[in-house]
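Order of listing sets the numbers, starting from 1, for every ligand and every atom in it.
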Amino acid sequence: MECATGSNLWLSSFCISSSSSRRAPLNGNACSASFCPKTHKLSPSSSLRVEAVGSTPTAANLSPDSNPVARPGSKVSVANPVSKSIEWPSPVDATPFWKREFPSSDVNFEVPSNTEKDPDSLHIIHVTAEMAPIAKVGGLGDVVTGLARACLSRGHTVDIMLPFYECIQKEQISELTLITSYGSFHDGNWVPTNAYRGTVSGIPVIFIEPSNHFFKGQSVYGGSYDETEAYLFFSRACLEWMQVTLVQPDIIHVHEWQTGGLPLLYWDMYHNLSLKKPRITLTIHNMEHYGECRQEQLDKCGLDGSIYATEEKAVDDRTVGHNPERLSLLKGGIVYSNSILTVSPTYLKETLCSGWLASTLLRHRDKYVGILNGIDTDMWNPATDIFLPAKFNAKDLEGKKLCKYYVQKGLGLDLKGDSIIKGDNTIDASVKVPLVVCITRLVAQKGLHLITHAIKRVEELMIVLGKAPDRRVESEFKYLADLHNQGPSVRILLIYSEELSHMLYAAADMVLVPSMYEPCGLAQMIGMRYGAVPIVRKTGGLADTVFDMDNQSNREMANGFVFEGIDEGSLNWALDRAFSYYRENPSVWAGTVRKVMEIDNSWNNTAGKYIDVYNSVRVR
Ligand code: ADP
């Protein structure tokens, strides 16, 4: 179905999904095309340079005096020169504003070179299912890219090995070159496989491309192939590549269940062949998926599955006594890796106390460490972000107001007198209506009932940007989108868009993360970097990064609103307090915005802890 121009039809969830699916890789958990958008030109009637609010856009609007809403005396000067060239969007634009053309200068961010170098350099190879921005579904992609860049800038040699998903757009990779053609084993055959080398965001990446059907499809996950077998193949193909090329890193860093089979393959197969030097580090980003695996699936990658069906090795304890018993690739990875990390100190404690893997983790406690994730502060930087209509920083927040106004206009949200742009590029910010933003995968872990509750309850402004992998959840949110998206205060956008996520963080006054559990959480950290005050449930990494404004015993750290219960009342309590601070304590609020922007959640702060772990297991 075409989205009609001249109406705001694209705001209906159906239309959004249909238009986004036409734009190949920017959908759902598809590979993000964020740094190389190929968009249509804006129709001249759909964009305005400067426009008064609440009136037909005519030349008369260009005069500040003609604006019927702006009040003299309440204006704030906009210092941001960028505002002069802002093309204000509208919901009737043929092309939604987040699909406009952006400067493509930073397809590949240079790795910062001015960081102090570590004395003892390591070679680290990440073997991963995700990498931002080219194959990102959630935080895993961000973390791999951010950590790799931080280690590179500290003087280490880092490579990332990634499946060459069909959905990755090759033009997003610079210097893409075929480097090795070899065979890797699967189900009794040697599958012809190509390895390509390229650079993404300043990081050398090796793409593994089997000649079979693995990793084909329009999204990172959910292709029509057996994912367990595909990732076992990938794990072996990475080791096989190291073997045939004689590359022996100090550390092979695997992530999640997808590459949990690699440590088994390494210690029981490749270490007995020619790979002697590498040691294995596993990061558990989320314990939700265990990599359930049948013995025959493990057989197919060349291991004898029956050997691993013991409690000490990889049997899925929940299936003991069942026929057949299953294996867990994540558990195998925990047992066989030299060091295990998880993504926050609180999540480490939580995983040792609950869940069926707790006993395995306790058995391996001495090699299990919790290190808080960082964010890549070059890629997430409101002062330079190419997706923002106006830049800003903690000392000059005018650009943030423009970003909010831009998003409000672009989505057709009620301006409620807030942030009115006048003809002389000044902004009237006298009437304050807070904007709450929630950017998330729409899965149970993220507190769906609380997100739904907030949508129904918030009378201010709220935007949800989310993608639901589950059809039932998707249709629930579609229903809500149809109900609210034509109204004045709520927008629910059921798409994946890296570009829009940057704009929404910049526009937000508050970022909502009401997760049931959250291993680390990046949304609250990115939100803070963009001056959005977090409202979070106290769990996992959220508990390690957000501290309540009303906790008198910890005023120094106070940076947001925290609630503990999983009920609607608990969320209401946090929302009410946030709204009342925003409205009634503007100076405290402004101070908090500046404070959260200045918190250092960068990888510089935490990459050193990863290096310590690598050094503790490396072979010298
Ligand atoms: P998780 O890894 O569980 O998804 P995190 O908070 O660790 O959660 O990381 C989520 C990352 O994915 C953040 O960078 C967030 O901005 C991004 N993200 C989630 N949903 C979307 C979406 N629909 N569009 C764009 N980015 C999204």
[X]: numbered ligand 1 atoms lying under 4.0 Å from its heavy atoms:
X: Ala523; answer: 6 (O)
X: Gly139; answer: 1 (P), 2 (O), 4 (O), 7 (O), 9 (O), 10 (C), 11 (C)
X: Gly466; answer: 23 (N)
X: Asp142; answer: 11 (C), 13 (C), 14 (O)
X: Ser501; answer: 25 (C), 26 (N)
X: Ile526; answer: 14 (O)
X: Tyr505; answer: 15 (C), 16 (O)
X: Lys446; answer: 1 (P), 3 (O), 4 (O), 8 (O)

Sorted by chain and residue number, the ring-ring contact (aromatic ring centres under 6.0 Å, His included) partners of His126 (sequence neighbours excluded) come out as His253, His255
Just do the side chain to side chain contact (heavy atoms under 4.5 Å, CB included) check on Phe164 and Phe215 with the steps written out, would you?
-> CA-CA 7 Å; Phe164 209 158; Phe215 310 118; over 6 Å; no
> Is NZ or CZ of Arg577 both nearer than 6.0 Å to the six-membered ring centre of Trp573 and within 45° of the ring axis?
Replying inline: yes
Can you confirm if the NZ or CZ of Lys409 lies within 45° of the ring axis of Phe97 and under 6.0 Å from the centre of its six-membered ring?
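Judged by the rule, Lys409 and Phe97 form no cation-pi pair.
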### Task
Tell me, please: is Leu493 in heavy-atom contact with ligand 1, that is, under 4.0 Å?
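Leu493 does not count as a contact of ligand 1 under the 4.0 Å cut-off.
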query = Mind checking whether Lys136 has a heavy atom under 4.0 Å from ligand 1?
reply = yes
Residue set satisfying side-chain hydrogen bond (donor to acceptor under 3.5 Å, both in side chains) with Thr377, at least two apart, ordered chain then number -> none
Donor-acceptor under 3.5 Å ([X] side chain, [Y] main chain):
X: Asp470; Y: Val473; result: yes
X: Asn605; Y: Asp600; result: yes
X: Lys595; Y: Asn559; result: no
X: Thr228; Y: Cys293; result: no

Considering only non-hydrogen protein atoms, determine which one is nearest to [atom] and report residue, atom name and distance to 0.1 Å.
atom: atom 23 (N) of ligand 1; value: Ile495 O, 2.9 Å
atom: atom 20 (N) of ligand 1; value: Thr440 C, 3.4 Å
atom: atom 6 (O) of ligand 1; value: Leu522 N, 2.8 Å
atom: atom 4 (O) of ligand 1; value: Arg441 NE, 2.7 Å
atom: atom 22 (C) of ligand 1; value: Tyr496 CD1, 3.5 Å
atom: atom 18 (N) of ligand 1; value: Ile439 CG2, 3.9 Å

Once you restrict to heavy atoms under 4.0 Å, what part of Val513 touches ligand 1? Side chain, backbone, both or neither.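 The answer is neither.
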Would you kindly specify which portion of Ser497 sits under 4.0 Å from ligand 1, judged on non-hydrogen atoms: side chain, backbone, both or neither?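 Under 4.0 Å from ligand 1, Ser497 contributes backbone atoms alone.
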Give yes or no for whether the N/O distance cutoff of 3.5 Å, strictly under, is met between [X] and ligand 1.
X: Leu140; value: no
X: Glu498; value: no
X: Asn286; value: no

Go through Cys520 and Leu372 one step at a time and tell me if the side chain to side chain contact (heavy atoms under 4.5 Å, CB included) criterion holds.
-> CA-CA 7 Å; Cys520 176; Leu372 196 65; 4.0 Å; yes
Verdict with reasoning, Tyr406 to Leu411, per side chain to side chain contact (heavy atoms under 4.5 Å, CB included): CA-CA 9 Å; Tyr406 184 90; Leu411 295 178; over 6 Å; no
Mind running salt bridge (Lys or Arg N to Asp or Glu O under 4.0 Å) on Arg149 and Asp378 for me, showing each step along the way?
CA-CA 10 Å; Arg149 282 165 53 81; Asp378 291 327; 3.3 Å; yes
Side-chain donor-acceptor contact under 3.5 Å, Glu130 with Tyr221: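 Checked: Glu130/Tyr221 side chains pair up, N/O donor to acceptor below 3.5 Å.
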